[in-house]
Amino acid sequence: MISETICPFYGKSDDQCDVGCGYISPYDVNMIIRYCSRRHLQCIKYLELSDRYPAENRICAEMR
């Protein structure tokens, strides 16, 4: 299932994680390849956001 492999914060808003929103820089491409599309549990930004927004994390877990 795709929802299990994509970070729940990817492309949501510039206020949370700006990766995947608007202009995609070479840095964003690197982050998408490295973390957003399979290894988001190892991403520092994901860990920070999952602590700040536990409801988003719970919704992602329910989709699995």
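In this text, all values refer to a predicted model and were calculated from it rather than measured experimentally.
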Minimum heavy-atom distance between Q42 and Y35, given as atom pair plus value: O-CE2, 3.8 Å
Inter-residue atom distance K12.NZ - C7.SG, 0.5 Å rounding: 9.5 Å
Sidechain-backbone polar pair: S37 side chain, I32 backbone, donor-acceptor under 3.5 Å: yes
Minimum heavy-atom distance between R39 and R34, given as atom pair plus value: NE-O, 3.5 Å
Approximate separation, where rounding is to 0.5 Å, of M31 CE and C43 SG: 4.5 Å
Spacing of OH belonging to Y53 relative to CD belonging to E48, to within rounding of 0.5 Å: 9.0 Å
Spacing of NE2 belonging to H40 relative to SG belonging to C17, to within rounding of 0.5 Å: 11.5 Å
Side-chain heavy-atom pair Y46, F9 within 4.5 angstrom cut-off: yes
For K45 against Q16, the heavy-atom pair lying closest together: CE-O, 3.4 Å
Within one Ile-Leu-Val-Met-Phe-Trp-Tyr cluster: L49 and L41, side-chain cutoff 4.5 Å: yes
Contact check, side chains of V19 and C36, non-hydrogen atoms, under 4.5 Å: yes
